[in-house]
Protein chains: 2
Amino acid sequence: MKEKATSFDIAHLAGVSQSTVSRALNNSSLVNQETRERVQRIARELNYKVDKNASNLRLQKSSTIALLLFEDPTSDDSMINPFFLAMLGSITRACAQANYDLLVSFQNLEDDWHAEYEDSNKADGIILLGYGDYTDYQNKVAQLESQGTHFVRWGAPDEKHPGISIGCDNFQGGESITQHLISQGKTTFAFIGDNGDHAPEFKARFTGYYRTLLAHGLDKNSSQFDAISTEDAGSEAIRGLIEAGELPQAIVCASDLIAMGALRALRQAKIKVPDDVAVVGYDNIAVSAYTTPALTTVQQNTKLAGELLVSALLKAINNEEVDDYLMPAEVIVRQSCGSQ
Amino acid sequence: MKEKATSFDIAHLAGVSQSTVSRALNNSSLVNQETRERVQRIARELNYKVDKNASNLRLQKSSTIALLLFEDPTSDDSMINPFFLAMLGSITRACAQANYDLLVSFQNLEDDWHAEYEDSNKADGIILLGYGDYTDYQNKVAQLESQGTHFVRWGAPDEKHPGISIGCDNFQGGESITQHLISQGKTTFAFIGDNGDHAPEFKARFTGYYRTLLAHGLDKNSSQFDAISTEDAGSEAIRGLIEAGELPQAIVCASDLIAMGALRALRQAKIKVPDDVAVVGYDNIAVSAYTTPALTTVQQNTKLAGELLVSALLKAINNEEVDDYLMPAEVIVRQSCGSQ
DNA sequence: CTGAAAGCGCTTACAG
DNA sequence: CTGAAAGCGCTTACAG
């Protein structure tokens, strides 16, 4: 393995000072064009690359963004929520476009919380995805804020949370999907998903759902069953619902993963979807188009979300004013709700 | 935003020299225990974190691994192959466990090829995932090798490729799935997927498929249709197959994505799977369990793959001897082949 | 347009 | 056990 070339090596070969090499490589207008071209040519020949550690140290920045993914503590360790994977993809692309590197870290509950990315100058800012344990999450966000760390979080704006948030309107998503079911003539409902303060996204979806029923005078025809965002929890909740007695006309699941489990449990119980009961999900993960029947769901635009998260963070890093942004959620109609 | 504390600030507060602070924080045994504890306490109070750029610069390493994902140039820009996303997840976990950071980069064809991660000291080594354009890929691998970069690639060992490879046995996977179909009594076959030198993984799967037919004297009963790894290509190929005339008893797809498209095209043509024709895929992506019928496919163990890639790279970085590794591929039987 | 010099914040060989 | 000093490889204010 060859020794790595430094700017001094190039300076020597080009017969100029090291300062001039640095200027030439940074395309400074201060340097003679002929000199600049010569230096750049030599740099290319030597396969020279600026040492990022040195340049970052000098410039006190890193051109790197850290992505922290907080997973649901109870979710299967080997499986990452497909929705976050999709987000990861779009964030990666957006970073590349902005010429930033992306440092990825999955935070498990057991891990030490290390938000040291910015403190240690490894990253100029942080994107937070997911909640993990919500109480824990709030502490972490508060800590980031108090340290003056630049960060953006995926989620709804919230007075309890400082910092910039980019999210998708879970309340409106809950409304829209419920509205769709009502317009299909459904009159009795069940909501499958946690509805507590520890799961704010699900709670907002539930609230949108419930308010819509209320507006139509259907709020008495609703039940709710707890479930975290896994298939197994969905199946479990459906078994509870079946045991509880009468089947509703429509089952609204707080996530696609829950809906997958619901479809499975219903199939096992020989209950036909959508003939006996309509089922809808939330997230529009890739799988949802392929279930039997294909799942009607609510889409969050992950491509746009990634772009917004990155551009908002970059603005924050440059100390520009940034507003929270709430994207609209869009109903994707497939077969599981009986519309088609 | 507060100024970041440096080791000098801590030295000042602790009444010791900056060298001692550095030693104390690195748990050097050279420092008095009482002093060490005092320094560490003050560091904690100030929320001090070692500046990674400075320490990396000094140590000439980065404790960071770069993951380069080469996508199929023709695949939909907004969609990342779910198989790679799964790999990404397991690599991220493995890195975290080894206390390495992970820099993620998606390389599009249009992008400049920049393997400068190690050259610029941003990463100590590189993991290559995917091929993109294969000819291009070979040049890049050769370039990495000639520069003495530490890298590991996902794929089969190959004399034409220098460097360490970790992969899954595509030849054996092709054999196993074909063997399974033959044991189900199938006697006529079609293979959907490219079979050229630009797609070595598909080619190996095809070769395993074909050799198995040959061994059973069934090689005359086989046709092959080109397709890259997308749904659309799969649908397109199936339409070609249908137009070509007689339907085989089994369709072997070179990837699950192709198989998805195949199922779609067959459904549109009112051809029943598995009653009229068996269909099998390759990869066991999450979606494959949810298609109708659920897809029989070949699994590559992504969790193990991620761990092996990371540990092999770490060994290479430490200049230890590393061997190529070829994982076995496992047939996952579901409904689409008619076995259940 | 160019060069000599300072300094970013660390780690560690050297001297005590 | 501790401190003073060198040096990792850059960028840029300063002087010319």
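Only this structure's heavy atoms are used, side chains among them; waters, hydrogens and symmetry mates stay out. This structure is a prediction, so every number in the text was calculated from the model and none was measured. Residue numbers begin at 1 in each chain, while the letters A, B, ... track the order of the sequences.
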Heavy-atom neighbours of Gln97(B) CD exceed 12 at 6.0 Å: no
Assigned partner base of dA13(D), Watson-Crick or wobble definition, under 3.5 Å: none
Sugar-phosphate only, base, or nothing, as touched by Leu30(A) at under 4.0 Å among non-hydrogen atoms: base
Whole-angstrom distance between dA15(C) and dT11(C), as gauged at atom P: 22 Å
Plane angle bin for Phe70(B) and Tyr137(B) - parallel if under 30°, tilted between 30 and 60°, otherwise perpendicular: perpendicular
Sub-4.5 Å side-chain heavy-atom contact between Leu67(B) and Leu103(B): no
Euclidean distance for C1', dG16(D) against dT12(D) (whole angstrom): 16 Å
Upstream residue (5' side of DNA chain C) when Arg23(A) and Ser19(B) are each assigned their closest nucleotide: Arg23(A)
Euclidean distance, atom CG of residue Leu57(B) to atom P of dG7(D) [Å, nearest integer]: 14 Å
Rounded distance (Å) that lies between atom P of dT2(C) and atom CZ of Arg36(A): 10 Å
Protein-nucleotide distance (Arg58(A), atom CZ; dC10(D), atom P), rounded to Å: 13 Å
Touch class at under 4.0 angstrom, heavy-atom based, for Asn53(B) against every strand present: nothing
Interatomic distance where CG belongs to Asp9(A) and C1' belongs to dC10(D) [whole Å]: 13 Å
Under 3.5 Å donor-acceptor, Ser90(B) side chain and Thr302(B) backbone: yes
